[in-house]
A.B. asks: 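Structure below; questions to follow.
The chains referred to below are lettered A, B, ... by the order of the sequence lines, with proteins before strands, and numbering in each begins at 1. Atom set for the values below is all heavy atoms of this structure, side chains included, hydrogens, waters and symmetry mates excluded.
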Amino acid sequence: MSDTKTNGRIDVDPVAFADRLLIWYDRHRRAMPWRALPGEAPDPYRVWLSEIMLQQTNVATVVPYFTRFVERWPTVADLAGADLDEVLTAWAGLGYYVRAHSLHKCAQVVAAGRNGGFPVDPAALMTLPGIGPYSAAAIAAIAFGQRAAAVDGNVERVIARVYAVEDPLPGVKARLAALAGDLVPAGRSGDYAQALMDLGATVCTPRNPACTICPLVPWCRGCRQGCAADLPRRAVKAPRPIRHGIAFWIMRRDGAVLLRRRPGEGLLRGMMEIPSTPWRDTAWALEEAALEAPLPLTWRSLPGVVRHPFTHFHLELTLATAKAGVRADVRGVWVPLAKLEEHALPSVMRKVVSHALHRAY
DNA sequence: TACGCGTGGCG
DNA sequence: TCGCCAAGCGT
């Protein structure tokens, strides 16, 4: 037996656990643009940038964004010197846009600091915008070799299975973090953090975990009990309501379309949008919606609906279109069709553009 | 503590 | 098609 039950708690030997995991990691290490090669010193700027982008976001999605960012802004000082709107435009499509605001702010704080570099320990990192408990620990471990437990969704899942924790998330978060903290080895902290996350992403997956090839099987109570795939348990979530709106696709005679910037707080903060009615629980009639339009024009409904799922509601947008004169005076910015990509349009608004272009004529 | 905050992939 | 889930943070 590799573990013993004591006081209802499984006792895992941390040294053997970490050794086995690191051997697996050395064999299966996946190259990623922000990862240093073995023996190479990591770049804290790239580690930080990747960790912010990877918050609730898959590796495959992040890679092209990360590459564009470091090509355009190779150092934290470069990023600090960029305009916020440039950063928002480069971030467009990645989601959770408050991260882009925090990223820019954090770069400015760090670049203006005494040594122009990132702080080294988790507590100091936590004081920076956009860096919470997970990111602070991950950056400290990966960039600076500190012994810190980076506990993300992957690690929570692995730990819940190893210890067969039946209590549901999010209530059990603190306990999982404590268990994870007890297992962090003294050496190779960065490799250990990345190994545990890689294992969660590729072997100890949410559904159909590959227990037959898992290096942690000797210690995994969830696997032995056959309940690994059911863990971690989660509290039931409230159903997402549907909200409705009408978006106004306004084409000027010279071929430009009206965009406007969303407020600096709330959903899609600071991003550009096709103007629309407020998004509410009931559908809009066109005559009623016209009162919310940026200009008093003659509207025509386009067939079809643009659907987009947000975290806490589903949006259904229909489109109304109209033509405006070149002298139309309105709050917003007129953008030629060919230049829409140069603006910070979130995915839902790209869907609106696509829908309008396919249905308008 | 619980909620607001995007998007894409997968079964 | 749909619900779940992802290298979470801020309030």
A.B. asks: Take atom CD1 of A:I131 and atom C1' of C:dC9, then tell me their distance rounded to the nearest Å.
C.D. replies: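 For the pair A:I131 CD1 and C:dC9 C1', the rounded distance is 11 Å.
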A.B. asks: Between C1' on C:dG8 and CZ on A:R99, what's the gap in Å once rounded to a whole number?
C.D. replies: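 Answer to the nearest Å: 9 Å.
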A.B. asks: Which is true for A:T57 with a 4.0 Å heavy-atom rule: it touches a base, it touches only sugar-phosphate, or it touches nothing?
C.D. replies: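 The answer is base, as A:T57 lies within the cut-off (heavy atoms under 4.0 Å) of a base atom.
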A.B. asks: Which residues in residues 28-41 of chain A have at least one heavy atom lying under 4.0 Å from any atom of DNA chain C?
C.D. replies: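 The answer is A:M32, A:R35.
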A.B. asks: Please report, rounded to the nearest Å, how far the C1' atom of C:dC5 is from the CG atom of A:L169.
C.D. replies: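 Those two atoms, CG and C1', are 12 Å apart.
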A.B. asks: Which part of the nucleic acid, if any, lies within reach of A:G93 when heavy atoms closer than 4.0 Å are counted: base, sugar-phosphate only, or nothing?
C.D. replies: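 Sugar-phosphate contact only.
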A.B. asks: Taking CD from A:Q55 and C1' from C:dG8, how many angstroms apart are they, rounded to a whole number?
C.D. replies: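 After rounding, the gap between these two atoms is 5 Å.
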A.B. asks: Is any NZ, NE, NH1 or NH2 atom of the basic residue among A:E316 and A:R243 found under 4.0 Å from an Asp or Glu carboxylate oxygen of the other?
C.D. replies: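 No, no charged N to carboxylate O under 4.0 Å.
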A.B. asks: Can you tell me if the side-chain N/O atoms of A:S135 get under 4.0 Å from OP1 or OP2 in C:dC9?
C.D. replies: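 Answer yes for this pair, as a side-chain N or O of A:S135 is under 4.0 Å from OP1 or OP2.
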A.B. asks: In terms of the nearest nucleotide of DNA chain B, which residue is placed more toward the 5' end: A:R207 or A:M349?
C.D. replies: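 Here A:M349 is the residue nearer the 5' end.
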A.B. asks: For the pair A:W279 and A:F313, name the ring-plane relationship: parallel under 30°, tilted 30 to 60°, perpendicular over 60°.
C.D. replies: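 Ring orientation of A:W279 relative to A:F313: tilted.
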A.B. asks: Under a 4.0 Å N-O cut-off, is there an ion pair linking A:D121 with A:R147?
C.D. replies: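 A salt bridge is absent here (no side-chain N lies under 4.0 Å from a carboxylate O).
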A.B. asks: Which whole-number value in Å describes the distance from A:R307 CZ to C:dC2 P?
C.D. replies: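 Checked: the CZ to P distance equals 8 Å.
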A.B. asks: Does A:S102 or A:R234 map to a spot on DNA chain C nearer the 5' end, using the closest nucleotide for each?
C.D. replies: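 Going by which nucleotide is closer to the 5' end, it is A:R234.
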A.B. asks: Considering every strand and a 4.0 Å limit on heavy-atom distances, what is the contact class for A:L268: base, sugar-phosphate, or nothing?
C.D. replies: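 The answer is sugar-phosphate, as A:L268 gets under 4.0 Å only of primed atoms, P, OP1 or OP2.
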A.B. asks: Could you check A:D152 against A:H314 and say which one's nearest nucleotide on DNA chain C is further toward the 5' end?
C.D. replies: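 Counting from the 5' end, the first nearest nucleotide belongs to A:H314.
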A.B. asks: Could you check how far NE2 of A:H312 sits from P of C:dC9, rounded to whole Å?
C.D. replies: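 Atom-to-atom, A:H312 to C:dC9, this comes out as 19 Å.
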A.B. asks: Provide, to the nearest angstrom, the distance between the CD atom belonging to A:E156 and the C1' atom belonging to C:dC5.
C.D. replies: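 Computing the A:E156:CD to C:dC5:C1' distance gives 12 Å.
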A.B. asks: For A:V348, which contact category applies under a 4.0 Å heavy-atom criterion: base, sugar-phosphate, or nothing?
C.D. replies: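 The residue A:V348 makes sugar-phosphate contact but no base contact.
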A.B. asks: Roughly how many Å is it from CD1 in A:I52 to P in C:dG8, rounded to a whole number?
C.D. replies: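 Checked: the CD1 to P distance equals 11 Å.
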A.B. asks: On DNA chain B, which is the earliest and which the latest nucleotide, 5' to 3', with an atom closer than 4.0 Å to a heavy atom of chain A?
C.D. replies: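 In short, chain A contacts DNA chain B from B:dG4 to B:dC10.
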A.B. asks: So if you build clusters from Ile, Leu, Val, Met, Phe, Trp, Tyr with side-chain heavy-atom gaps below 4.5 Å, do A:V257 and A:L268 land together?
C.D. replies: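 Yes; A:L268 is reachable from A:V257 via cluster members.
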A.B. asks: Which part of the nucleic acid, if any, lies within reach of A:P170 when heavy atoms closer than 4.0 Å are counted: base, sugar-phosphate only, or nothing?
C.D. replies: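 Result for A:P170 = nothing.
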A.B. asks: Reckon A:R157 has a side-chain N or O less than 4.0 Å from the OP1 or OP2 of C:dA6?
C.D. replies: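 It does, given that an N or O in the side chain of A:R157 lies less than 4.0 Å from OP1 or OP2 of C:dA6.
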A.B. asks: Hey, does the Lys NZ or Arg CZ of A:R46 hover above the aromatic six-ring of A:W48, less than 6.0 Å from the centre and inside 45° of the axis?
C.D. replies: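 Cation-pi check for A:R46 and A:W48: fails.
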A.B. asks: Indicate, with a heavy-atom threshold strictly under 4.0 Å, whether A:G171 touches base, sugar-phosphate, or nothing.
C.D. replies: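 No contact at all - A:G171 keeps every heavy atom at 4.0 Å or more from the nucleic acid.
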A.B. asks: Give a yes/no on whether any side-chain N or O of A:Q56 is located under 4.0 angstrom from OP1 or OP2 of C:dG8.
C.D. replies: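 For A:Q56, the contact criterion (side-chain N or O under 4.0 Å from OP1 or OP2 of C:dG8) is met.
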A.B. asks: Give me the distance, rounded to whole Å, that separates C:dC2 from B:dC5 when you measure between the P atoms they each carry.
C.D. replies: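 These two P atoms come out 23 Å apart once rounded.
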A.B. asks: Heavy-atom nearest nucleotide on DNA chain B for A:N208 versus A:S347: which residue maps closer to 5'?
C.D. replies: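 The residue closer to the strand's 5' end, by nearest nucleotide, is A:S347.
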A.B. asks: Of A:R233, A:R175, A:R234, which is the lone residue that meets salt bridge (charged side-chain N to carboxylate O under 4.0 Å, His left out) with A:D167?
C.D. replies: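 In the set A:R233, A:R175, A:R234, the residue that makes a salt bridge (charged side-chain N to carboxylate O under 4.0 Å, His left out) with A:D167 is A:R175.
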A.B. asks: Can you see whether A:Q55 engages A:R99 through a side-chain donor-acceptor pair at a distance of less than 3.5 angstrom?
C.D. replies: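 No - no donor-acceptor pair under 3.5 Å links their side chains.
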A.B. asks: Take the angle between the ring planes of A:F248 and A:W299 and call it parallel below 30°, perpendicular above 60°, tilted in between.
C.D. replies: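 Tilted: the ring planes of A:F248 and A:W299 meet at 30° to 60°.
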A.B. asks: For A:E86, is there an ion pair with A:R68 - N to carboxylate O distance below 4.0 angstrom?
C.D. replies: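 Answer for the salt bridge query: no.
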A.B. asks: Check the side chains of A:E51 and A:Y134 for a donor-acceptor pair under 3.5 angstrom, ignoring hydrogens and angles.
C.D. replies: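 Yes, a side-chain donor-acceptor pair sits under 3.5 Å.
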A.B. asks: For A:F310 together with A:H312, are the ring centres under 6.0 Å from each other?
C.D. replies: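 Distance test on ring centres: not under 6.0 Å, no.
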